[in-house]
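Each remark here refers to the structure printed beneath this line.
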Amino acid sequence: MMVVLIGYMGSGKSTVGKVIAKKRGMGFIDFDDYIEEKEQLTIPEIFKQKGEIYFRKQETAYLSVLLKEKPNAVISLGGGTPCFGNNMDVVVEATQNVFYLKLSVEKLVERLQAEKEHRPLIKDIADIDLSDFIRKHLFERNFFYLRSHHIITVGDETPQGISEKIEKKLV
Ligand code: S3P
């Protein structure tokens, strides 16, 4: 069984993914980590040294490889992964277990303000502008995110609580 978690930066995809994988004895792959290992650079280094277009090309190329390579795993994608090229088509065709972790803009701002530094897309955005940026960005990205098989609304639940909601829907 393959489980794919998608959602905006800071939505808890990796934390929740690890909980599900552990409970079910499955492997877990964080797609950002996978790309970093393949490229032998961190995500901020890739953005800085090679640019976002290079990153997006590699992201699309590695996505198909990973989905073929790991049919039995929980996979957390990068926040932008579903939103470029035909990536979302590839993801929804690979498994029926695609989950969008949906958080409010307020909650995302709260989480991301504290950890902007290692996130190339938001590191240069002033705190005061972050909320507007996320609102607009999410509006564009929702078109892709909402193609998930399931939408999991995340409020104040623990990662365990969220993983239970997801596990009930696995096929
Ligand atoms: C990105 C999200 C990041 C990472 C890169 C770009 C995005 O992943 O892939 O910085 O476009 O939203 P996380 O969502 O895991 O932070």
Side-chain angles (χ1 to χ4, degrees), residues 2-21 27-67 70 73-91 94 98-125 127 129-148 150-154 159 162-163 166:
M2 182 191 282
V3 182
V4 177
L5 303 182
I6 71 168
Y8 203 71
M9 291 173 270
S11 57
K13 303 173 293 266
S14 303
T15 311
V16 172
K18 279 179 198 158
V19 173
I20 298 171
F28 170 75
I29 297 119
D30 177 307
F31 189 42
D32 286 337
D33 292 348
Y34 182 90
I35 296 172
E36 289 186 338
E37 201 180 314
K38 294 276 183 199
E39 293 285 308
Q40 287 295 297
L41 290 170
T42 65
I43 302 287
E45 282 167 352
I46 301 173
F47 271 74
K48 196 161 173 220
Q49 294 176 22
K50 307 203 166 179
E52 181 173 355
I53 292 175
Y54 174 87
F55 173 77
R56 297 302 175 193
K57 280 189 185 159
Q58 296 308 89
E59 184 178 44
T60 295
Y62 290 134
L63 180 65
S64 300
V65 177
L66 171 66
L67 296 178
K70 304 278 180 192
V74 181
I75 299 172
S76 70
L77 297 181
T81 313
C83 315
F84 291 85
N86 63 343
N87 295 356
M88 197 56 182
D89 294 330
V90 172
V91 172
V98 181
F99 292 83
Y100 167 30
L101 301 189
K102 187 171 188 282
L103 277 72
S104 68
V105 173
E106 291 70 25
K107 201 122 212 113
L108 291 170
V109 172
E110 195 183 298
R111 291 193 186 184
L112 290 172
Q113 222 153 28
E115 40 168 280
K116 267 176 14 185
E117 287 326 303
H118 62 280
R119 299 183 186 273
L121 292 183
I122 55 170
K123 74 174 173 44
D124 296 324
I125 295 174
D127 283 353
D129 298 326
L130 194 59
S131 171
D132 271 359
F133 176 86
I134 294 174
R135 195 177 309 280
K136 285 181 196 147
H137 208 194
L138 203 52
F139 180 73
E140 293 163 9
R141 288 185 164 188
N142 258 333
F143 175 74
F144 300 94
Y145 292 161
L146 293 173
R147 290 184 59 200
S148 300
H150 301 282
I151 298 164
I152 304 292
T153 305
V154 177
I162 301 160
S163 75
I166 292 175

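Values below: every heavy atom of this structure, side chains too, minus hydrogens, waters and symmetry copies. Not measured: the values here are computed from a predicted model. Atoms within each ligand, like the ligands themselves, are counted from 1 in listed order.
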Just let me know how [X] lines up against ligand 1, side chain, backbone, both or neither, with a heavy-atom cut-off below 4.0 Å.
| X | result |
| --- | --- |
| Arg56 | side chain |
| Glu115 | neither |
| Leu121 | side chain |
| Ser11 | neither |

Tyr54 and Gln49 side chains, donor-acceptor separation under 3.5 Å:
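Side chains of Gln49 and Tyr54: no pair found under 3.5 Å.
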
For ligand 1, which atoms, with element, lie under 4.0 Å from some heavy atom of [X]?
| X | value |
| --- | --- |
| Phe55 | 9 (O) |
| Gly80 | 1 (C), 7 (C), 11 (O), 12 (O) |
| Ile43 | 5 (C), 10 (O) |
| Arg141 | 7 (C), 11 (O), 12 (O) |

I need the single residue from Leu5, Leu67, Val3 that forms a side chain to side chain contact (heavy atoms under 4.5 Å, CB included) with Ile75. Which is it?
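Of the listed options, the one satisfying the test is Leu67.
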
I want to know if ligand 1 touches Tyr8 in the polar sense, i.e. an N/O pair below 3.5 angstrom.
no

Name the option, out of Ile46, Asp32, Asp30, Ile6, that contains the heavy atom nearest to atom 13 (P) of ligand 1.
Asp32

